[in-house]
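Reading through the structure tokens given below for one structure.
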Amino acid sequence: HSKSLGKGRITHYDAALNSVRERQLLIENDIRNGLDRDEFDVWYQPIVDARSLAMIGVEALVRWPRRPAGELKPDDFIAIAETSGLIYELGQFVLRRACNDLQAHSNLKLSVNISPAQFRDPDFEDKVANVLRRTRFPPARLQLEVTETYVLENPERAHMAITTLKTLGTSVALDDFGTGYSSIGYLRRFNFETIKIDKSLAGLVDDDEQASALVSGTIRIASALGMMVVAEGVENEKQMKMLRLAGCDQLQGYWFSEPMPLDNILHLRHLRQG
Ligand code: C2E
Ligand code: MG
Ligand code: MG
Ligand code: MG
């Protein structure tokens with residue numbers, strides 16, 4: 001009796017697993033076609049100076065509006081692009097497109113997300129150098145965003161890549177800080193110029209006093225260590241005020257602007273000042 005029950009369960013489990021795997025393969029195939037058919041776009045979200053609230057840069061964010069089976073968000077396909085190896089091509093596309101787009105807008109800095117898999121590629125630094133050369137994008141205006149996972153995975157390789165990128169003149173930022181396990185002290189060894197406080201933390205500062213103290217403390221320590229601090233996910237006036245007070249250098253979030261196509265960003269005359 002129990003045998004057949006167990007068997008039934010295994011079959012059910014297999015079916016669920018298969019359908020997850022099938023969906024992944026489907027999306028993987030869609031990404032491959034999407035790259036061939038130019039279905040991806042790059043949108044931009046303003047990053048503002050915390051003092052003046054002027055837009056000083058943008059973060060490039062990939063979009064997939066022309067996927068025939070319907071648009072997917074990056075969170076739904078980046079991981080699949082990573083496991084399938086398609087992230088190399090997709091990542092190169094984003095970097096090239098973004099550098100091309102922003103090249104002529106010399107007052108804006110450009111921040112581009114880089115997946116752990118891309119960073120692991122031994123040719124990564126060369127690929128970045130190539131894009132910079134071909135697009136004639138000034139290296140000093142480019143910042144690459146990496147996540148903690150990557151750094152913890154392979155500290156030696158991370159340290160080397162960050163050092164080489166700095167030699168190129170490009171800076172490296174730690175994205176999504178506060179979602180993982182590592183301390184600022186540890187991360188300091190990698191010489192990140194910038195840390196980006198994760199949006200889940202910005203969401204805490206307007207309602208929870210203790211959490212708010214923790215976030216402010218983090219910001220103060222990072223600043224004291226000489227790092228530039230960016231808060232992402234700023235959604236309302238109260239969060240903006242708290243994060244400015246806590247000493248953030250730069251702010252990013254829906255309160256100022258959602259990610260948009262390049263033309264919309266360039267035509268932005270007024271970001272919300274609060
Ligand atoms: P991220 O790098 O942390 O980017 C910030 C995400 O937060 C973006 O989501 C942005 O649209 C969203 N966001 C901005 N302001 C607010 C706000 O005020 N509130 C809230 N709730 N969200 C806000 P998006 O574009 O869906 O991207 C999600 C993640 O996908 C990114 O997180 C990044 O990890 C990854 N990603 C996006 N584009 C690329 C890319 O070109 N390459 C790689 N490797 N990853 C990318
Ligand atoms: Mg980012
Ligand atoms: Mg982030
Ligand atoms: Mg992220």
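Quick note: numbers below take in every heavy atom, side chains included, and nothing from hydrogens, waters or symmetry partners. Counting starts at 1 for both ligands and their atoms, following the listed order.
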Check: Does Arg96 make a cation-pi contact with Phe93, if we ask for NZ or CZ under 6.0 Å from the ring centre and within 45° of the axis?
Finding: no

Notebook entry, point to check: If you measure from atom 10 (C) of ligand 1 to every heavy atom of Asp76, Asp75, Asp198, Leu61, which option wins on shortest distance?
Noted result: Leu61

Check: Ignoring hydrogens and geometry, is there a side-chain-to-backbone donor-acceptor pair from Glu89 to Leu86 under 3.5 Å?
Finding: no

Checklist line | ligand 1 atoms in contact with Glu232 (distance to a heavy atom under 4.0 Å) | finding: 3 (O)

Notebook entry, point to check: Salt bridge or not for Lys196 and Glu59, using N-O below 4.0 Å?
Noted result: yes

Check: Is the closest heavy-atom distance from Glu59 to ligand 1 below 4.0 Å?
Finding: yes

Note to self: Closer than 4.0 Å to some heavy atom of Gln45 - which atoms of ligand 1 meet that?
What the structure shows: 14 (C), 15 (N)

Next item on the list: Compute the shortest N/O to N/O distance between Asp176 and ligand 1 and return yes if it is under 3.5 Å, no if not.
Entry: yes

Checklist line | Side chain Asp198, main chain Leu201, donor-acceptor under 3.5 Å | finding: no

Next item on the list: Let me know which of Asp263, Leu108, Asn264, Asp101 forms a side-chain contact (heavy atoms from CB on, under 4.5 Å) with Tyr44.
Entry: Asp101

Next item on the list: For the Mg ion (ligand 2), find the closest N/O/S atom on Glu145 and give its atom name.
Entry: OE1

Checklist line | Gly91 touching ligand 1 at heavy-atom level, < 4.0 angstrom | finding: no

Notebook entry, point to check: Hey, are Lys127 and Asp121 close enough for a salt bridge, meaning a charged N less than 4.0 Å from a carboxylate O?
Noted result: yes

Note to self: Looking at the Mg ion (ligand 3), is there an N, O or S atom belonging to Asp198 that lies under 2.8 Å away from it?
What the structure shows: no

Next item on the list: State if Gln252 counts as touching ligand 1 under the rule of any non-hydrogen atom under 4.0 Å.
Entry: no

Check: What atoms in ligand 1 come closer than 4.0 Å to a heavy atom of Val94?
Finding: 41 (O)

Check: Any Lys/Arg nitrogen of Asp176 or Lys199 sitting under 4.0 Å from an Asp/Glu carboxylate oxygen of the other?
Finding: no

Check: For ligand 1, which atoms, with element, lie under 4.0 Å from some heavy atom of Val234?
Finding: 18 (O)

Next item on the list: Decide, counting backbone as well as side-chain atoms, whether Asp175 has an N, O or S atom less than 2.8 Å from the Mg ion (ligand 2).
Entry: yes

Next item on the list: May I ask you to identify, for Ser115, whether its side chain, its backbone, both or neither come under 4.0 Å of ligand 1 on a heavy-atom basis?
Entry: both

Checklist line | Vertex the Mg ion (ligand 3), rays to OD1 in Asp176 and OE1 in Glu232 - rounded to 10° | finding: 150°

Notebook entry, point to check: Is a side-chain N or O of Arg51 found less than 3.5 angstrom from the main chain of Asp249, in a donor-acceptor match?
Noted result: no

Notebook entry, point to check: Any donor and acceptor pair, going by atom type alone, linking the side chain of Arg141 with main-chain N or O of Leu102 inside 3.5 Å?
Noted result: yes

Checklist line | Heavy atoms of other groups near Arg37 CZ, more than 12 under 6.0 Å | finding: no

Notebook entry, point to check: For Lys199 and ligand 1, does the shortest N/O to N/O distance drop below 3.5 Å?
Noted result: yes

Check: Is the closest N or O pair between Gly253 and ligand 1 shorter than 3.5 Å?
Finding: no

Checklist line | Best match, Tyr254, Phe119, Trp43: closest heavy atom to atom 17 (C) of ligand 1 | finding: Tyr254

Next item on the list: Tell me which N, O or S atom of Glu59 sits nearest to the Mg ion (ligand 2).
Entry: OE2

Checklist line | Expected output: side-chain Gln92 to main-chain Tyr88 donor-acceptor under 3.5 Å | finding: no

Check: Strictly under 2.8 Å, is any N, O or S atom of Asn113 next to the Mg ion (ligand 2)?
Finding: yes

Note to self: If the threshold is 4.0 Å, N to carboxylate O, is there a salt bridge linking Glu258 and Arg63?
What the structure shows: no

